[in-house]
Participant: 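Let me begin by handing over the structure; questions about it come next.
Protein chains get the first letters and strands the later ones, always in sequence-line order, with residue 1 at the start of each. What you are looking at is a predicted structure, and each value in this text was computed from that prediction instead of being measured.
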Protein chains: 2
Amino acid sequence: MNEEIVKRRATVHDVARAAGVSLATVDRVLNGRPGVRAVTAEKVEQAIAQLGFSRDLNASLMARARDLNVVFFIPDGTNEFMDSLAEAVQRRSPLALADRIHLSMRRVKALDAAGLVSGLNQLDAHSCDCAVIVSSDEPEVLAAIDAAHRRGVAVMTLVSDLPGSARRNFIGIDNGAAGRTAASLMGRFLPQGGKVAVVAGSLHLRDHAERLEGFRAALGAEFGAIEIIGPLEGHDERTETAAIIARLLADHADLGGLYNLGAGNAGLVAALEASGRSGDLRVIAHELTPTTRAGLRSGAIDVVLDQNPDGEIREAIAAARALALDASRTAATDPIEIGIFLRDNLR
Amino acid sequence: MNEEIVKRRATVHDVARAAGVSLATVDRVLNGRPGVRAVTAEKVEQAIAQLGFSRDLNASLMARARDLNVVFFIPDGTNEFMDSLAEAVQRRSPLALADRIHLSMRRVKALDAAGLVSGLNQLDAHSCDCAVIVSSDEPEVLAAIDAAHRRGVAVMTLVSDLPGSARRNFIGIDNGAAGRTAASLMGRFLPQGGKVAVVAGSLHLRDHAERLEGFRAALGAEFGAIEIIGPLEGHDERTETAAIIARLLADHADLGGLYNLGAGNAGLVAALEASGRSGDLRVIAHELTPTTRAGLRSGAIDVVLDQNPDGEIREAIAAARALALDASRTAATDPIEIGIFLRDNLR
DNA sequence: TCGCGCATGAGGTACGTGCCTCATGACTTT
DNA sequence: AAAGTCATGAGGCACGTACCTCATGCGCGA
């Protein structure tokens, strides 16, 4: 009763037989080598489609005795979240290697398009199957992605998407939904309404812009009694953010809430604690880091919205594997969920 | 500058050379076949440890031309969450097959230890490498797990753990933390304090008991102004839960919140909406299902704490793979996070 | 000392794919 | 007609492991 008919997966041999050609020809088609007439290639494609053949990636990697190479470009600087991403890459590395996937990482200066572009330009299809980048939206970067794509290097965006480019996948949260979630929580925390200040890193960062938009829209639609102050830009820096928060607290004695949708949380916590009003306002921040963790514990921060860096790296690797199998499509990946952290469910 | 020395992974050949024995002997040791003196086996083990050799699972599965078999035992009945788990297994199945992992599933009557036990007893090491079960804590089940373990079938617990057994891994959330999180949210939602009712499925379910314990502890420690009513048991059934909620609402006109730490959410929503007080109380429930999703949208439910079924199945498969490589240890897995869902971050 | 059983070595085939060489036949160019 | 080009077939080796057979050598008891 619990028997199941297990269809053996189709192999290249099956494809060759079905197409009425030799193994060598199937191989030429599969690996894009020359020497096959269009009509013959078409027969092979049909056989592949009909049998639902899909190359066995593990056998393939084993046969060519070369690992799948995935290169991560992670911004360097003072942004703790980027460090978590880098650590997640390191953590995954041995695990991935067991599956013949070689991860490497380059830290590039944050928000420095030129550095990222030159890094991308150095990649060739032989040494890198897939590049994963975290980038702001700059024309040079888009051009470099397209160039890499033409050279046979797949590019994926992480954390912040670049929809206009030839990037094959985006791995990250829905930032609009993150902003709406922040609004929804803030609204419930302040049932009487009041003033809520919004601090961003830079509105030129696509993820920040999307969060702000979502926050505004959801507050406007559901919590009309809340007044937004800002957004103010702290450029994801500790001191600049601290100064902004200090000024906000001084100017608005009746401030009820604070939403920092960028980084710079060390500055936020420092300013709150210096003001002596830590715990009096409802504070929502992004990304679970040592700083926000401490903020949650001390009560300076009420909620942290998080994108799980380990999950993102895991999915990026899964997507890179999938792209290696079918370079012509966008890989389906498990969505990255928006984590909501309070003091009690810190991981 | 970005060059990296890539150590080739050790193979059985390397181990044979290092141990000064033949490939055949290494093979006998690795696969537990007889015909090796203890001293020789020891030499091989040392070489393995020294080289950090780890069997290449993909090559191994390919060589024996047999998939890794993982059998899921998922409770059947009216519990929507269990259906999500079953669907997640189905969704993963083709993906897993591409990696030579064959998933199968048996729906067994919920809370029916005998059915599960007989299912487990039917498994032999040849047709099943790993069984994944969702079970309440019954002595017969523990015995069946131990027996399966002795037959060479690894067993993992899902959702609800059975720590006293020979289960190799537990995949699920930290239910104590889930209860504390519910308390933390409820406390913030009701800054003035008030009455909060707690409804469980059955306190004989380990996960439910752990949630209750966490909820009580965290409320007691931080939100003394909140009074707990209950727990009442609805046995995860729609009608019974509805009746309980209706009575609670009738008896306590000043009820401020409701925490349903079990299933039966259809009954909860129905009773709330029938009472006309939907939206007046803060309601926290568990597991994102069509019912709780609708409840979030309508405002009947404020927060849903969730364990991502797809993530759990993914990690169960990853753990099964790891166990196939090293049957002597518990596999390290990515922790399953407690998802917190509001209306605005529904996935 | 003969034979028995056991530990071990040697070497083969298979899994599914990549990549290589060489042969063959067809068709084109000179 | 000879030479060249191109599409294709045939087949082999490799990757790392599983599993099989057969041979060999050793120590032991009769």
Participant: Going by salt bridge (Lys or Arg N to Asp or Glu O under 4.0 Å), name the residues that satisfy it together with B/Asp334, two or more places apart in sequence or in a different chain.
Facilitator: A/Arg92, A/Arg314
Participant: Residues two or more places apart in sequence or in another chain: which of them pass salt bridge (Lys or Arg N to Asp or Glu O under 4.0 Å) with A/Asp326?
Facilitator: A/Arg329
Participant: Return the value, rounded to whole Å, for the distance between atom CG of B/Leu97 and atom C1' of C/dG16.
Facilitator: 15 Å
Participant: Applying side-chain hydrogen bond (donor to acceptor under 3.5 Å, both in side chains), which residue pairs with at least one partner in residues 149-158 of chain B are found, sequence neighbours left out?
Facilitator: B/Thr157-B/Asp161
Participant: Would you kindly give the CG-to-C1' distance between B/Leu68 and C/dC15, to the nearest whole Å?
Facilitator: 16 Å
Participant: Distance check needed: D/dG16 C1' versus A/Asp67 CG, whole Å only.
Facilitator: 13 Å
Participant: Taking for each residue the nucleotide of DNA chain C bearing the nearest heavy atom, is the 5' side occupied by B/Ala65 or by B/Ala38?
Facilitator: B/Ala38
Participant: Could you work out, with salt bridge (Lys or Arg N to Asp or Glu O under 4.0 Å) as the rule, every residue matching B/Asp14, not counting sequence neighbours?
Facilitator: B/Arg8, B/Arg17
Participant: Can you measure A/Leu325 atom CG to C/dT17 atom C1' for me and round it to whole angstrom units?
Facilitator: 12 Å
Participant: Measure the distance from NE2 on A/His126 to P on C/dC19 and round it to the nearest whole Å.
Facilitator: 10 Å
Participant: Among B/Val155, B/Leu120, B/Val132, which residue meets the side chain to side chain contact (heavy atoms under 4.5 Å, CB included) test with B/Phe73?
Facilitator: B/Leu120
Participant: Test of understanding: with side-chain hydrogen bond (donor to acceptor under 3.5 Å, both in side chains), list the residues that count as partners of B/Arg91, not counting sequence neighbours.
Facilitator: B/Asp310
Participant: Among residues at least two apart in sequence or on other chains, which ones pass side-chain hydrogen bond (donor to acceptor under 3.5 Å, both in side chains) with A/Asp112?
Facilitator: none
Participant: Name the pairs: protein N/O against N/O of nucleotides 17-22 of chain D, kept only if under 3.5 Å.
Facilitator:
from, atom 1, to, atom 2, distance (Å)
D/dT17, OP1, B/Asp56, N, 3.2
D/dT17, OP2, B/Val12, N, 2.7
D/dA18, OP1, B/Arg55, NH1, 2.4
D/dA18, OP1, B/Ser60, OG, 3.3
D/dA18, OP2, B/Asn31, ND2, 3.4
D/dC19, OP2, B/Arg33, NH1, 2.9
D/dC19, OP2, B/Arg33, NH2, 3.4

Participant: Between A/Asp67, A/Asn69, A/Val70, which is the residue that forms a side chain to side chain contact (heavy atoms under 4.5 Å, CB included) with A/Ile101?
Facilitator: A/Val70
Participant: Partners of B/Arg168 by salt bridge (Lys or Arg N to Asp or Glu O under 4.0 Å), sequence neighbours excluded?
Facilitator: none
Participant: Separation of A/Asp99 atom CG from D/dC15 atom C1', in whole Å?
Facilitator: 15 Å
Participant: If you check the B/Arg100 side chain, which of C/dA7, C/dC15, D/dG9 turns out closest?
Facilitator: C/dC15
Participant: Starting from P on C/dT17, measure out to CG on A/Leu51 and report it in whole angstrom.
Facilitator: 12 Å
Participant: What one-letter contact string describes nucleotides 23-29 of chain D from 5' to 3', where B marks a base within less than 4.0 Å of any protein heavy atom, S marks contact via sugar-phosphate atoms alone, and - marks no contact?
Facilitator: -------
